[in-house]
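Beneath this line is the structure, given in structure tokens, with notes to follow.
Counting starts at 1 for both ligands and their atoms, in listed order. Starting from 1, each residue takes its place in the sequence as its number.
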Amino acid sequence: MYICLCNRVTESEIYQAFHRGADSLGALKQNLSLGTNCGCCLEVANKMLKEAVFEKEESSKPLFYAA
Ligand code: FES
């Protein structure tokens, strides 16, 4: 699904860029040209970024803590 119609950036490309280290909106803009025209996509992209950061943090937590 396209997130940025102006620059034809897909949801998948945003997640791929995030997993390559683009962990801020600025980094996504620089890597994908996301939001460089009308900017309508930035709110959705920022929400996706926050969810990806949360999921990454949650997945790095241990399942059990040693007593
Ligand atoms: Fe992304 Fe216009 S939709 S810059």
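Within the model, atoms OG of S33 and CG of N7 stand 5.5 Å from one another, a figure rounded to the nearest 0.5 Å. Rounded to the nearest 0.5 Å, atoms CG (L5) and SG (C41) are 8.5 Å apart.
Side-chain atoms of E51 and Y15, non-hydrogen and from C-beta on, do get closer than 4.5 Å to each other. The shortest side-chain heavy-atom distance between I3 and V44 falls under the 4.5 Å cut-off.
Coordination check, C38 versus atom 2 (Fe) of ligand 1: passed, since an N/O/S atom of the residue sits under 2.8 Å. Note on C41: counted as a metal contact of atom 1 (Fe) of ligand 1, an N/O/S atom lying under 2.8 Å.
Each of the atoms 1 (Fe), 3 (S), 4 (S) of ligand 1 lies under 4.0 Å from some heavy atom of C4. Interface of C6 with ligand 1, defined as ligand atoms under 4.0 Å from a residue heavy atom, comprises 2 (Fe), 3 (S), 4 (S). Below 4.0 Å from some heavy atom of G39 lie the following atoms of ligand 1, by number and element: 2 (Fe), 4 (S). Near N37, the atoms of ligand 1 lying under 4.0 angstrom from a non-hydrogen atom of the residue are 4 (S). Residue L5 approaches ligand 1 through these ligand atoms, each under 4.0 Å from one of its heavy atoms: 3 (S).
Exactly one of E55, K56, E13, M48 qualifies for a side-chain contact (heavy atoms from CB on, under 4.5 Å) with F18. That residue is K56.
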Assess whether side-chain contact (heavy atoms from CB on, under 4.5 Å) is satisfied between L42 and N46, documenting all intermediate values.
CA-CA 6 Å; L42 291 176; N46 196 35; over 6 Å; no
